[in-house]
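Only one structure is covered here, and it is reproduced in the block below.
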Amino acid sequence: MTSTATAAGAPAKPVEKTPSYAWPCLVVSLLAAVSIVFIWMWLPGLTFPVFKGWLAANNPFFQNPANYALLSNVMGLVPIGALIMALPTTVLVRKFGAKVTTLIGLCLAIIGGALSAFTVGGNFYAFLVGRFVLGLGLATTIVAGPTCVSLWFPDSTRGRAMAIWSTWAPIGIFCSNFVNDGIYNLVGQNVGTLQLVWVGLVIVVAIVFAVVFRGPREDERSQVSPERKPLKDVLKFFKSRQLWCLIIMFAIFNYMNYAFSQYLKTWLQTPELLGGLGWDATTAGVIGGLICACGALAPIGGLILDKTPKDKKFICVVVGIIGLTICSALAFKAEFFIPYVIFFCLGNMMLNACCRPLVPTFVFKGGQTAVAFGLSLLTLGQYAGQIATSYVLAPFNDGLTAASNVAIEAKQAVLAAGGTPADFGPAIGQAAAEAAANGIMVDPSLAFMALVPIGVVGCILSVLVKPSKPKAADGQAPAGKPEQH
């Protein structure tokens with residue numbers, strides 16, 4: 001049903017049927033975010049051991065192994081930049097609108113990616129500055145992007161539309177895992193050139209987005225008004241227990257989920273006797289990439305969210321975080337690999353689908369500014385969780401790498417002594433015991449069992465996302481609570 005203008009020139013009522021041009025706008029907004037993932041996630045696509053080897057050969061700074069301590073910043077500085085930029089992005093949306101703010105984010109990503117590409121072989125500190133600037137661009141884009149989408153899609157389809165947009169990370173991570181090793185070899189195994197390839201991709205996407213995206217006309221707008229109200233006028237919509245529980249729970253989800261995506265591929269290559277599956281790099285890249293990309297199932301979760309009554313939508317969030325918590329208990333144990341994958345997919349499908357669409361549900365009366373502010377707060381939680389992962393679990397990644405090295409050295413020692421592959425098992429077992437005695441983590445499941453109590457806290461918070469019963473006040477729900485209509 002399309003809308004018509006009301007009497008006395010009042011704005012038209014929001015449409016209930018999705019305008020046809022909403023879908024191209026969704027696609028280019030999604031591509032904008034996906035393109036940035038390639039600059040961000042090329043490193044997990046190659047694995048840390050490959051990157052360390054390249055640095056040792058090409059950057060004199062890393063002839064001293066003590067400098068490898070800086071490597072946790074390679075991934076960690078991106079979410080730090082995103083964390084810092086999350087709230088200022090609301091100011092940009094308020095001043096320039098969601099489209100221009102998205103383009104600003106893409107430009108920041110281009111600058112950060114280019115700086116990193118040109119300095120990785122020489123000045124590693126400048127390289128890290130580039131990663132930080134990339135994080136600024138990432139946050140700007142992923143706050144403005146779903147704001148763009150919310151302006152176009154009405155209540156009836158907003159869940160699945162924003163769920164489709166929310167596949168930006170899993171799609172980007174999967175593609176990065178799948179192609180980066182091949183592109184790396186194609187460009188002569190040069191990390192700097194690899195990054196420039198993805199900078200070029202972002203430039204192309206930015207041009208396409210600028211040409212294709214436009215704001216909705218009066219007869220196309222959704223329940224989220226394109227009006228850019230002053231921030232002080234929308235703060236009343238943020239006195240909401242549901243919204244804050246959602247934000248904190250989203251931080252927990254990202255803390256848990258980022259751990260899997262960052263370390264899964266390395267674990268899949270860890271020898272079986274050291275707790276891994278012992279796969280080759282190609283198989284680990286393809287299968288690990290597919291598993292981490294399961295958030296691409298979010299449109300199914302979004303459809304479920306759209307079909308769920310408004311006062312029951314919180315159940316979709318509850319199901320998602322329970323799935324991820326069970327997954328944490330099963331993670332990185334070879335005997336539970338299939339159940340781990342199932343619960344990981346369930347958690348990602350529901351949480352990627354349901355968290356962002358709920359923000360407009362809580363604050364849509366505040367228009368474009370309120371939605372951007374709500375998504376900024378959600379992004380704040382997202383990258384707070386990812387920062388914690390990068391630093392808290394850094395010893396885990398070092399342990400996985402060291403465990404693989406233990407196996408390689410044990411095999412070499414057996415062959416040098418005239419042994420055969422039949423002797424590998426006992427040799428690796430003995431080497432693993434010695435490594436454990438020296439504090440090297442050879443059982444990766446232990447680190448992820450520690451995520452279980454954190455997941456339980458997330459489950460409690462997800463239940464508290466349940467809407468309060470509206471209080472009688474001129475027939476409307478109080479400010480800050482989702483309407484029951």
Side-chain angles (χ1 to χ4, degrees), residues 29 31-46 51 55 59 61 67 70-93 95-96 98-145 168-169 172-173 176 180 190-207 209-210 254 258 262 372 375-376 379-380 382-391:
S29 296
L31 288 176
V34 170
S35 66
I36 295 180
V37 178
F38 283 93
I39 307 179
W40 175 23
M41 298 295 289
W42 59 268
L43 181 56
L46 290 175
F51 183 50
L55 286 174
N59 191 321
F61 183 69
N67 292 326
L70 287 172
L71 291 183
S72 61
N73 294 299
V74 176
M75 295 304 293
L77 279 171
V78 177
I80 286 176
L83 185 76
I84 291 172
M85 194 63 191
L87 292 179
T89 299
T90 299
V91 178
L92 294 177
V93 173
K95 185 172 181 63
F96 301 112
K99 176 179 179 177
V100 174
T101 302
T102 300
L103 290 171
I104 291 172
L106 290 169
C107 289
L108 286 169
I110 291 167
I111 294 169
L115 178 60
S116 291
F118 287 121
T119 58
V120 65
N123 189 331
F124 198 73
Y125 289 102
F127 167 82
L128 293 178
V129 171
R131 296 290 286 178
F132 175 77
V133 174
L134 173 63
L136 300 180
L138 178 65
T140 305
T141 304
I142 66 169
V143 169
W168 67 277
I173 290 172
S176 179
N180 262 305
N190 188 305
V191 167
T193 306
L194 171 66
Q195 293 176 82
L196 287 177
V197 170
W198 302 132
V199 169
L201 173 67
V202 178
I203 292 173
V204 172
V205 170
I207 294 171
F209 177 83
N254 278 277
Y258 197 56
Q262 194 167 344
L375 290 169
S376 293
T379 302
L380 202 68
Q382 175 179 352
Y383 288 107
Q386 291 191 8
I387 289 168
T389 301
S390 293
Y391 292 100

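- Of all heavy-atom pairs spanning L375 and V143, the tightest one is CD1-O, 3.8 Å.
- Residues satisfying the side-chain contact (heavy atoms from CB on, under 4.5 Å) test with V91, not counting sequence neighbours, are none.
- Using a 4.5 Å heavy-atom threshold, the side chains of S35 and V204 count as separate.
- Residues passing the side-chain hydrogen bond (donor to acceptor under 3.5 Å, both in side chains) test with Q382 are R356, sequence neighbours excluded.
- Legend: residues meeting side-chain hydrogen bond (donor to acceptor under 3.5 Å, both in side chains) with W198, ordered by chain and number and at least two apart, are N180.
- The closest donor-acceptor contact from the side chain of N254 to the backbone of G385 lies at 3.5 Å or more, if one exists at all.
- Within the 4.5 Å cutoff, the side chain of L92 has heavy atoms near those of the M85 side chain.
- G145 and T102 get closest at one heavy-atom pair: N-OG1, 3.9 Å.
- One distance of note links CG of L83 with CG of L77; it measures 12.0 Å at 0.5 Å rounding.
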Take L31 and F209, measure what side-chain contact (heavy atoms from CB on, under 4.5 Å) needs, and give me the verdict at the end. CA-CA 8 Å; L31 288 176; F209 177 83; over 6 Å; no

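- Qualifying side-chain contact (heavy atoms from CB on, under 4.5 Å) partners for L87, counting only residues two or more places apart in sequence or in other chains: F373, S376, L377, L380.
- Rounded to the nearest 0.5 angstrom, I173 CD1 and W40 CH2 are separated by 6.0 Å.
- Evaluation of the ring pair (Phe, Tyr, Trp, His ring centres under 6.0 Å) rule for Y383 yields no partner, not counting sequence neighbours.
- Residues passing the side-chain contact (heavy atoms from CB on, under 4.5 Å) test with I110, sequence neighbours excluded: V199, V202, I203.
- Checked against L136 for a side chain to side chain contact (heavy atoms under 4.5 Å, CB included), the options V78, I104, L108, I80 give a single hit: L108.
- Annotation: the span from L71 atom CG to L55 atom CG amounts to 6.5 Å, rounded to 0.5 Å.
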Check the pair L103 / F96 against side-chain contact (heavy atoms from CB on, under 4.5 Å), numbers first and verdict last. CA-CA 10 Å; L103 290 171; F96 301 112; over 6 Å; no

Could you list the donor-acceptor pairs under 3.5 angstrom formed by side chains in residues 115-127, with sequence neighbours left out?
| from | atom 1 | to | atom 2 | distance (Å) |
| --- | --- | --- | --- | --- |
| S116 | OG | G112 | O | 3.2 |
| S116 | OG | F127 | O | 3.0 |
| S116 | OG | R131 | N | 3.2 |
| T119 | OG1 | L115 | O | 2.7 |
| T119 | OG1 | F127 | N | 3.0 |
| N123 | OD1 | Y125 | N | 3.1 |
| N123 | OD1 | A126 | N | 3.1 |

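- Put simply, CD1 on I39 and OG on S176 are 11.0 Å apart, with the number rounded to the nearest 0.5 Å.
- Within the 4.5 Å cutoff, the side chain of I142 has no heavy atoms near those of the I36 side chain.
- Looking only at side-chain heavy atoms (C-beta outward), V191 and W42 come within less than 4.5 Å of each other.
- Of all heavy-atom pairs spanning A144 and A98, the tightest one is CB-O, 3.6 Å.
- Of the possible donor and acceptor atoms, none in the side chain of T379 sits under 3.5 Å from a partner among the backbone N and O of A86.
- Rounding to the nearest 0.5 Å gives a distance of 12.5 Å between CG of L196 and CG of L201.
- By the side-chain contact (heavy atoms from CB on, under 4.5 Å) test, L43 is found to be paired with F48, F51, V74, M75, residues two or more places apart in sequence or in another chain being considered.
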